[in-house]
Amino acid sequence: MQFDSSDRVAELQERLGAFMDEHVYPAEPVWVAQVRNAPSPHIHPPVMEQLKAEAKRRGLWNLFLPDAEYGAGLTNCEYAPLAEIMGRTQIAAEACNCSAPDTGNMEVLHQFGTPAQKEQWLAPLLAGEIRSAFAMTEPDVASSDATNIAMEIKRDGDSYVLNGRKWWTTNAMHPNLRILIVMGKTDASAPTYQQQSMVLVPIDTPGVEIVRNLPVFGYHDPEGHGEVQFTDARVGAENIIAGEGMGFMIAQARLGPGRIHHCMRAIGAAERALELLCDRADARETFGKPISHNANVRDWIAESRIELEMARLLVLKTAWLMDEVGNQHARIEISGIKFAVPEICLKVIDRAIQVHGGGGVSDDFPLATMYAHLRTLRLADGPDEVHKLSLARQELRRQRERRKASSSD
Ligand SMILES: Cc1cc2nc3c(=O)[nH]c(=O)nc-3n(C[C@H](O)[C@H](O)[C@H](O)COP(=O)(O)OP(=O)(O)OC[C@H]3O[C@@H](n4cnc5c(N)ncnc54)[C@H](O)[C@@H]3O)c2cc1C
């Protein structure tokens, strides 16, 4: 495992850093004002299209996709420092066409899409012309166990007909949303992991209704998290992805990169929070000395620095494993970072909020939205407990094998 950046990545880091300084940070207050002053919270702020054009012009586009024919052709290890830089703001990943859930959906189409599906949906997604959503979670069943998913996807002649309800469908309110990848059951009598399939459902399909947006801690994210009703929604049979019964396999393939990208960006957000913490603690005085002179604040700074280094190392080791042995073989490590990294980053952001006093929970600083967003990561893409369950199962298996091997010596 190598810790220094290749020449190409170092150059990209520099180019991305310059883009952040010259365009993204100055656009942050503009983006906030455009969202806040709009008649509906679900607008696509015009400044985002300007940022996207600039990112494209600078060759900072689709950096997440490892296939050089479609994306930047970077390994996971190479992408990590770049995703971290983008994670410093709420808007940079979208500006570079590297934001969830589109990245995961593009990966699904890239890996499993037919040539026609790629032409119709992957091409405009890669160009940043449209947005997509991934609809798996359902209000009526505990969806952290995906075998519970109940949406019915029934074959009827040359069509599939969908009936059921989803929620937390991120991007549902985005004005550029055109396509949903929907997971549901095509055969409830098949073996457990072959009952599920995924189909492409254009958002304008009759029978698809966005019922409402779900706020997060009271925030209405512009892209939205929708509750979506499907009533006899009919799509062509050619809209199935990779065939019937492949839903679980695709979900596993999709979630690996998505999860590590979240972790990479979370570290970027927490690094920025630590910077803000230090700036504020040096700048303000109480009882005759700067806040940074208090021992507890110094402890927080030291602990934050070392915890972020540990989180980054774990993410890099996982990225390296994904590059070396594939996403499937790195799945336990992916589960490990998926619960460890948000927890660490939330702790750092919480300390930064505390040092900012009342300002920390206001929207004069990015800390409150950072915290709200990162807190959802302990649920989205699988709650902490389910990831810990996978880790514990693997560890118990390993320890039982060790005992068996030593008893047969
Ligand atoms: C902001 C946000 C965005 C999201 N975006 C999307 C999206 O785009 N598409 C999509 O399909 N979904 C999305 N989700 C949904 C998310 O993936 C689910 O909320 C998550 O998988 C948990 O499913 P659930 O809500 O049904 O919780 P449940 O399955 O009901 O679980 C509830 C809780 O039970 C506990 N639990 C579950 N199993 C165990 C266990 N084995 N041991 C111990 N405790 C356990 C956990 O604490 C868990 O949080 C999003 C969620 C949020 C908050």
Side-chain angles (χ1 to χ4, degrees), residues 41-42 90 93-94 99-108 125 131-151 153 162 164-174 177 179-185 196-201 203 208 210-230 241 247-248 250-259 261-263 265-266 269 334-335 338-339 342-343 346 369-394 396:
H42 304 298
Q90 210 183 340
E94 184 177 349
S99 59
D102 301 86
T103 47
N105 294 338
M106 286 189 261
E107 273 173 291
V108 166
L125 278 168
R131 303 237 26 201
S132 61
F134 181 68
M136 182 163 91
T137 305
E138 298 181 1
D140 296 335
V141 295
S143 303
S144 51
D145 175 356
T147 62
N148 287 335
I149 298 300
M151 154 81 68
I153 304 179
L162 286 82
R165 188 174 278 234
K166 299 287 182 182
W167 73 345
W168 290 109
T169 304
T170 299
N171 263 355
M173 320 303 284
H174 199 291
L177 175 69
I179 189 71
L180 304 158
I181 296 181
V182 182
M183 178 142 156
K185 280 192 178 158
Q196 313 275 353
S197 304
M198 288 196 197
V199 289
L200 287 157
V201 180
I203 191 65
V208 177
I210 296 174
V211 179
R212 63 167 174 150
N213 177 59
L214 293 152
V216 176
F217 295 120
Y219 291 104
H220 283 273
D221 290 334
E223 73 279 18
H225 308 283
E227 181 161 342
V228 190
Q229 175 66 36
F230 297 75
I241 306 177
F248 247 95
I250 302 171
Q252 286 311 314
R254 181 187 184 282
L255 288 171
R259 285 169 179 159
H261 296 168
H262 276 310
C263 292
R265 288 191 297 264
I334 294 171
S335 275
K338 177 61 182 49
F339 82 78
E343 195 174 276
L346 279 167
T369 41
M370 247 181 213
Y371 190 90
H373 171 68
L374 269 189
R375 180 61 184 83
T376 69
L377 257 197
R378 294 191 52 208
L379 300 162
D381 283 4
D384 288 358
E385 293 72 21
V386 172
H387 291 295
K388 287 184 195 178
L389 191 66
S390 306
L391 261 119
R393 275 198 193 124
Q394 158 91 352
L396 282 167

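On a predicted model such as this, the values are computed, not experimentally measured, just so you know. No hydrogens, no waters, no symmetry mates; every other heavy atom, side chains included, goes into these values. Both counts, for ligands and for their atoms, begin at 1 and track the order of listing.
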Non-hydrogen side-chain atoms of [X] and [Y] separated by less than 4.5 Å:
| X | Y | result |
| --- | --- | --- |
| Trp168 | Thr376 | no |
| Ile149 | Glu138 | yes |
| Phe134 | Thr170 | no |
| Asn148 | Ser143 | no |
| His42 | His220 | yes |
| Ile210 | Asn213 | no |

Nearest non-hydrogen atom to [atom] belongs to which of [options]?
| atom | options | answer |
| --- | --- | --- |
| atom 22 (C) of ligand 1 | Pro101, Gly104, Ser132, Ser144 | Ser144 |
| atom 1 (C) of ligand 1 | Thr376, Leu180, Leu377, Leu379 | Thr376 |
| atom 49 (O) of ligand 1 | Gly258, Pro383, Ala146 | Pro383 |

- Short side-chain to backbone donor-acceptor contact, Lys388 and Ser335, under 3.5 Å: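 Checked: no pair found.
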
- Task: Please check if the side chain of His225 supplies one atom and the backbone of Thr169 the other of a donor-acceptor pair under 3.5 Å.
- Result: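 No; zero donor-acceptor contacts below 3.5 Å.
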
Below 3.5 angstrom, do we get any N/O pair linking [X] and ligand 1?
| X | result |
| --- | --- |
| Ser143 | yes |
| Phe134 | yes |
| Met136 | yes |
| Thr170 | yes |
| Thr137 | yes |
| Trp168 | yes |

- Item | ligand 1 contact on Asp381 by region, counting heavy-atom pairs under 4.0 Å |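 Answer for Asp381: backbone.
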
- For ligand 1, the portion of Val386 having any non-hydrogen atom under 4.0 Å away: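 The answer is the side chain.
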
- Protein heavy atom at shortest distance from atom 41 (N) of ligand 1: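 Its nearest protein heavy-atom neighbour is Leu389 CD2, 3.7 Å.
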
- Query: For atom 43 (C) of ligand 1, which protein heavy atom lies nearest, and how many Å away is it?
  - Reply: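 Protein heavy atom at minimum distance: Glu385 CB, 3.5 Å.
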
- Could any protein non-hydrogen atom be found less than 4.0 Å from atom 32 (C) of ligand 1?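 Protein heavy atom within 4.0 Å of atom 32 (C) of ligand 1: absent.
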
- State the atoms of ligand 1, each with its element, that fall below the 4.0 Å cut-off from a heavy-atom position in Ala142.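 Selected atoms, number and element: 26 (O), 28 (P), 29 (O), 30 (O).
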
- Ser99 pairs by side chain to side chain contact (heavy atoms under 4.5 Å, CB included) with which of His261, Arg265, Glu223, Glu94?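 Single side chain to side chain contact (heavy atoms under 4.5 Å, CB included) partner of Ser99 among His261, Arg265, Glu223, Glu94: Glu94.
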
- Relative to each other, are the rings of His373 and His262 parallel, tilted or perpendicular (30° and 60° limits)?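 Tilted.
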
- Task: Mark the output for Val141 as yes if a heavy-atom distance to ligand 1 is under 4.0 Å, and as no if none is.
- Result: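 Yes; Val141 lies near enough to ligand 1 that a heavy-atom distance drops under 4.0 Å.
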
